[in-house]
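Written out below as structure tokens is the structure these notes cover.
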There are 2 protein chains.
Amino acid sequence: MKIATWNVNSIRTRLEQVVDWLKQNPVDVLCLQETKVIDHDFPRSPFENLGYHSYISGQKAYNGVALISQQQLTDVTTGFTPILPDIEPIWDEQKRVITGVIDGVRIVNLYVPNGSAIASEKYEYKLRWLTVLKEYLRSLLLLQPSICICGDFNIALEDKDIHEKVKAENHIMASPAERQALRDVLELGFADAFRKFTTEGGHFSWWDYRAASFRRNQGWRIDHHYLTPVLYEQAKSCIIDVSPRKLTQPSDHTPVIVEI
Amino acid sequence: MKIATWNVNSIRTRLEQVVDWLKQNPVDVLCLQETKVIDHDFPRSPFENLGYHSYISGQKAYNGVALISQQQLTDVTTGFTPILPDIEPIWDEQKRVITGVIDGVRIVNLYVPNGSAIASEKYEYKLRWLTVLKEYLRSLLLLQPSICICGDFNIALEDKDIHEKVKAENHIMASPAERQALRDVLELGFADAFRKFTTEGGHFSWWDYRAASFRRNQGWRIDHHYLTPVLYEQAKSCIIDVSPRKLTQPSDHTPVIVEI
DNA sequence: GTCGGGTTAG
DNA sequence: CTAACCCGAC
């Protein structure tokens, strides 16, 4: 089973690139982030034409996640609230969470808040959001032992996941508090699929549009698949496909694909 | 003497097309409308490189007119106020008027308000703007008997200046009040140069970007040259050059050229 | 800096 | 449909 994650930075702007990629790279489930479109306007038919079902949770202009799946998914829910009925509504106002089950494996597709700048209000929101995520996953684990969380985490856990030019310590997406918050989540029993196969640094999934950072390969690895133990043992590969980032008018992120 | 008028719908976006056209079609004066740029950012040097002087009156994002001339012009003024010092400032807040004299001929380059929709506030502004224009031209005629007014009038005076698909009566740019307001202006002693040479309909200078209207030739003739009697008698040709409208990323208007 | 969406205008 | 601006995001 292949599960891909791709922050497309607007599905409407990137539609042709995503459809082309999916034709060349058939996967069981494609997890999209930053679709930036309300559900009514999500372009379902291009995916239908390729034989894929769409499960979407979008909003106007910002955020938005989708699961594009060859098989139908079961137990699809959006946001934290269906699993954590008692949380405050602010955690689901932004559309960042969608999940569904395929062949006994729960896929959790996340768009973790970026956090803007250290010590900002958005940064605090990001850290607290990750504590909500942990409770959400704890609940899901009670229902299902096999879980693949993937998406844009907006966190690079290790310095080797960041190009050399930036000192991680006080940088958003790499601050100690962010890394600790993510480690706290993973402590539930998740392991990084990419690191099962590749230990060296210099592999990135996101390059800022600014400062020709892709040309200089000054990127970050912030798009991840985290697997529960049995899935992790079964994982056969985890690959970053850099090619879509080379196209004209690319997303700033590129797809990452795990095979289990 | 050749005088061309062209609503370029942003001189910065259309610069290459305008320069190319001018190379192929040298004219004495090119009257531009909808330059959509403040004077500081107007691209003067590409025209200088071709041997043309620029006289400009622009604003941010909207409107804006310019005279591009091989010879230097004299008596250049912008807006109504230099000629009508007592009018209210609202008539010159939008940059729609520039004039200058070449070889004893006054060129008046206009971008008449579009009017948006019949009975709207903008429609009323358009009608009143045309009464101000009449007083402006009346004053200019006292100084100079030879005048060529040209530009985007946003009015089609006759039904044959409009493609068949639209009933003129209640359409903006063709309503009785707009036509009457323009006829009131022309009554000062101006005649339509184009109609000296061509009497049949189906000749247009503007095609809406929407609804593939150029492909279907569903256009309007709203860009005009109006001449005082002696100039009208001298006029040798008046031609609409459709070719720029066929390019990719064209203006919605195409140039009209009078030779006197 | 660079992008995407939304808005306003035509 | 097209262009410019504004805004928010990164």
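To find a chain, count down the sequence lines: A is the first, B the second, and so on, and within it residues start at 1.
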Those residues at least two apart in sequence (or on a different chain) that pass side chain to side chain donor-acceptor pair (under 3.5 Å) with B:R183 are B:Q180
Which of B:H203, B:H171, B:H253 passes ring pair (Phe, Tyr, Trp, His ring centres under 6.0 Å) with B:W220? It is B:H171
inquiry  = Using modelled atom types and a 3.5 Å cut-off, is there a donor and acceptor pairing between side-chain atoms of A:D92 and backbone atoms of A:F80?
reply    = yes
Whole-Å distance, B:E34 CD to C:dT8 P, equals 18 Å
Between CZ of B:F153 and P of C:dG10 the distance, given in whole Å, is 18 Å
A:W206 near the nucleic acid: base, sugar-phosphate alone, or nothing, with a heavy-atom cut-off under 4.0 Å? sugar-phosphate
message = Using a strict threshold of under 4.0 Å (side-chain N to carboxylate O), is an ion pair present between B:D192 and B:R221?
response = yes
Paired with A:N7, the side chain to side chain donor-acceptor pair (under 3.5 Å) test is passed by just one of A:D252, A:D223, A:D152, namely A:D152
In short, B:T5 meets B:H225 closest at the heavy-atom pair CG2-CE1, 3.6 Å
When every non-hydrogen atom of B:Q94 is compared with those of B:N63, the smallest separation belongs to CB-ND2, 3.6 Å
- Donor on one side chain, acceptor on other, A:Y111 and A:E34, under 3.5 Å: yes
Polar atom pairs between nucleotides 1-5 of chain C and protein, under 3.5 Å, N or O only, would you list them?
residue : atom : partner : partner atom : Å
C:dG1   : N1   : A:R210  : NH1          : 3.4
C:dG1   : N2   : A:R210  : NE           : 2.7
C:dG1   : N2   : A:R210  : NH1          : 3.2
C:dG1   : N3   : A:R210  : NE           : 3.4
C:dG4   : OP1  : A:R14   : NH1          : 2.9
C:dG4   : OP1  : A:R14   : NH2          : 2.8
C:dG4   : O3'  : A:S10   : OG           : 3.2
C:dG5   : OP1  : A:S10   : OG           : 2.2
C:dG5   : OP2  : A:T13   : OG1          : 2.9

For residues 14-23 of chain A, the side-chain hydrogen bond (donor to acceptor under 3.5 Å, both in side chains) pairs (sequence neighbours left out) are A:W21-A:D241
Residue pairs passing the side-chain hydrogen bond (donor to acceptor under 3.5 Å, both in side chains) test with at least one member in residues 207-216 of chain A, sequence neighbours excluded, are A:N9-A:Y209, A:W207-A:N217, A:D208-A:R210
What residues 108-117 of chain A contributes to the DNA chain D interface at heavy-atom separation below 4.0 Å is A:Y111, A:N114
5'-most to 3'-most nt of DNA chain D touching chain A (<4.0 Å, heavy-atom partner on protein side) reads D:dG8 to D:dC10
